[in-house]
Amino acid sequence: MIDRAEEFRKDREALRRRAPFAGRTLAMLFQKPSLRTRVSFETGMTLMGGHAIYLGPEQSRLGERESVEDFARVLCRYASMIMARVFGHDIVEGLARHSDVPVINGLSDFEHPCQILADLQTIRARLGGLAGVTLAFIGDGNNVAHSLLLGGALVGMNVVVACPKGFEPAAGVLRDATELGRASGASVRVVHDPLEGAAGADVLYTDVWASMGQEGEAAERREKFKGFQINERLVAAASKRAIILHCLPAHYGEEIDYAASRLPCSAIFDQAENRMHAQNALMAMLMGV
Ligand code: CP
Ligand code: NVA
């Protein structure tokens, strides 16, 4: 998929001409806000000759206006694929269970796999490979951390999560990532000191301290996460070839320092662009085109 995503990145014109998704529609369900996910999926569908429909919280009101089961059963009668950004992970699983067409997780409270496809594409393009690369995730053991642990371990990357005590990734994810790492040769580690996590890392990655749905905890988290920030001190501790990643949106001055985010080693905007290419490759695979 990453090879394909790179091919797509290098020649947008070829995709526009070929229009492999002509006549196909992606239904996009959003329970939460989005810039990158919505726009990258929608522009991706347009580029590939297809169409995307945005269904916001007002149209969906899942479990209130319509059950998850009926929503999926109806949508798959019209659309070729469904993409969903939801709160509970059980919702995206429920959609997948009741849909006859592929369902893509566009972020749940538990995982953000499309983000990680783009991240792996970006890391490979910048560092020349994935196996043996060490990635340090600095911050909350959240959905993005979960998907990085699983995706990273799958491709042989060592993943270190540096988080405050009490904000570790889910035990089940750590177990699964460790298991995947056993097959690929990757290691998985959790530490509670950001500097220790960053030491010698090839990729410094961070995400917001309070995710969507945790707005009420933001002030408390600001206290607990102090110091879990990508800044010059952490960059100096990382490997010489280290790159900086952030899935965005960023809260400058919290999990990342603005100046660090603009260093030449920062790939945050390549990463955002690659969302579209990686997802196009994913959808091409799902559609068999
Ligand atoms: N990284 C990401 O998923 O961004 P959005 O929340 O803007 O979609
Ligand atoms: N962890 C963040 C990721 C945003 C792309 C959130 O869930 O809000």
Side-chain angles (χ1 to χ4, degrees), residues 5 26-45 52 54-57 60 82-92 104-123 135 137-152 159 161-164 167-170 173 203-222 224-225 228-230 244-252 254-256 261 266-280 282-283:
L26 171 73
M28 307 190 297
L29 159 69
F30 283 90
Q31 292 189 319
K32 296 175 176 173
S34 169
L35 175 68
R36 280 144 293 271
T37 304
R38 177 185 177 178
V39 180
S40 59
F41 268 106
E42 190 162 337
T43 49
M45 283 303 287
Y54 173 79
L55 301 164
S60 52
I82 298 169
M83 188 276 288
R85 165 165 288 194
V86 297
F87 287 98
H89 192 68
D90 58 316
I91 299 175
V92 76
I104 300 168
N105 180 356
L107 181 146
S108 70
D109 286 347
F110 192 60
E111 274 220 57
H112 195 4
C114 293
Q115 179 65 56
I116 274 55
L117 282 181
D119 300 343
L120 296 180
Q121 182 187 353
T122 310
I123 295 167
L135 179 146
F137 181 88
I138 312 293
D140 188 19
N142 63 14
N143 44 9
V144 171
H146 286 167
S147 294
L148 275 172
L149 279 160
L150 296 168
V159 185
V161 176
C163 60
F167 295 91
E168 292 81 9
V173 171
V203 181
L204 292 176
Y205 196 123
T206 192
D207 182 15
V208 289
W209 291 340
S211 285
M212 291 179 277
Q214 297 172 332
E215 289 78 7
E217 297 171 30
E220 183 195 330
R221 282 171 172 261
R222 232 171 266 134
K224 294 191 168 150
F225 281 82
F228 287 82
Q229 181 192 69
I230 295 186
I244 294 173
L245 296 181
H246 190 314
C247 56
L248 303 177
H251 291 165
Y252 297 111
E254 293 190 7
E255 78 280 358
I256 192 164
S261 77
S266 167
I268 62 177
F269 297 113
D270 289 350
Q271 195 186 352
E273 177 187 330
N274 286 337
R275 286 294 301 277
M276 181 179 78
H277 307 304
Q279 290 157 190
N280 285 349
L282 167 69
M283 294 192 289

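Start at 1 and go down the list; that is how both ligands and their atoms are numbered.
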TODO: Carefully, step by step, assess Q115 and Q271 under the rule side-chain contact (heavy atoms from CB on, under 4.5 Å).
DONE: CA-CA 9 Å; Q115 179 65 56; Q271 195 186 352; 3.6 Å; yes
- [ ] Show the numbers, then the answer: is there a side-chain contact (heavy atoms from CB on, under 4.5 Å) between L107 and M212?
- [x] CA-CA 10 Å; L107 181 146; M212 291 179 277; 4.0 Å; yes
Task: Any I116 side-chain heavy atom under 4.5 Å of L150 side chain - done: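 No, every pair of side-chain atoms sits at 4.5 Å or beyond.
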- [ ] List every atom of ligand 2 that sits less than 4.0 Å from any heavy atom of N143, numbering the atoms from 1 in the order shown and giving each element.
- [x]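 Listed by number with element: 1 (N), 2 (C), 6 (C), 7 (O).
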Task: M83 and L29: CA distance, side-chain angles, deciding distance, side-chain contact (heavy atoms from CB on, under 4.5 Å) verdict - done: CA-CA 6 Å; M83 188 276 288; L29 159 69; over 6 Å; no
TODO: Please state whether D140 comes within less than 4.0 angstrom of ligand 2, counting heavy atoms only.
DONE: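 It does not; every heavy atom stays at 4.0 Å or beyond.
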Open item on the list: Give me the nearest non-hydrogen protein atom to atom 3 (C) of ligand 2 as residue plus atom name, then the distance to 0.1 Å.
Closed with: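 Nearest neighbour among protein heavy atoms for atom 3 (C) of ligand 2, to 0.1 Å: D207 OD2, 3.5 Å.
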- [ ] Decide yes or no on ring-ring contact (aromatic ring centres under 6.0 Å, His included) for F225 and F167, but give the supporting numbers first.
- [x] CA-CA 9 Å; F225 281 82; F167 295 91; 4.7 Å; yes
Task: All side chain to side chain donor-acceptor pair (under 3.5 Å) counterparts of Q31, not counting sequence neighbours - done: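 Residues passing side chain to side chain donor-acceptor pair (under 3.5 Å) with Q31: none at all.
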Task: Proximal atoms of ligand 2 relative to L248 (non-hydrogen, under 4.0 Å) - done: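 This gives 5 (C) as the contact atoms.
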Open item on the list: If we ignore hydrogens and angles and just use 3.5 Å, is the side chain of Q214 paired with the main-chain N or O of S211 as donor and acceptor?
Closed with: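 Yes, because the side chain of Q214 sits within donor-acceptor range (under 3.5 Å) of the backbone of S211.
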TODO: Establish, from distance only, whether the side-chain atoms of H277 and E273 form a donor-acceptor pair under 3.5 Å.
DONE: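 Yes, side-chain donor-acceptor contact under 3.5 Å.
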Task: Geometric N/O contact R85 with ligand 2, under 3.5 angstrom - done: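 No: no nitrogen or oxygen of R85 is under 3.5 Å from one in ligand 2.
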Task: Heavy-atom nearest neighbour in the protein, as seen from atom 8 (O) of ligand 2, with distance rounded to 0.1 Å - done: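 The protein heavy atom lying closest is M212 N, 2.8 Å.
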Task: Contact residues of ligand 1, where a non-hydrogen atom lies under 4.0 Å away - done: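 Near ligand 1, by chain and number: S34, L35, R36, T37, R85, H112, Q115, C247, L248, R275.
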TODO: Within a distance under 4.0 Å of any heavy atom of L107, pick out the atoms of ligand 2 and give their elements.
DONE: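 It comes down to these atoms of ligand 2: 3 (C), 4 (C), 5 (C), 7 (O).
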Open item on the list: I'd like to know if the side chain of W209 and the backbone of K224 have a donor-acceptor N/O pair within less than 3.5 Å.
Closed with: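 Judged by distance alone, no pair lies under 3.5 Å.
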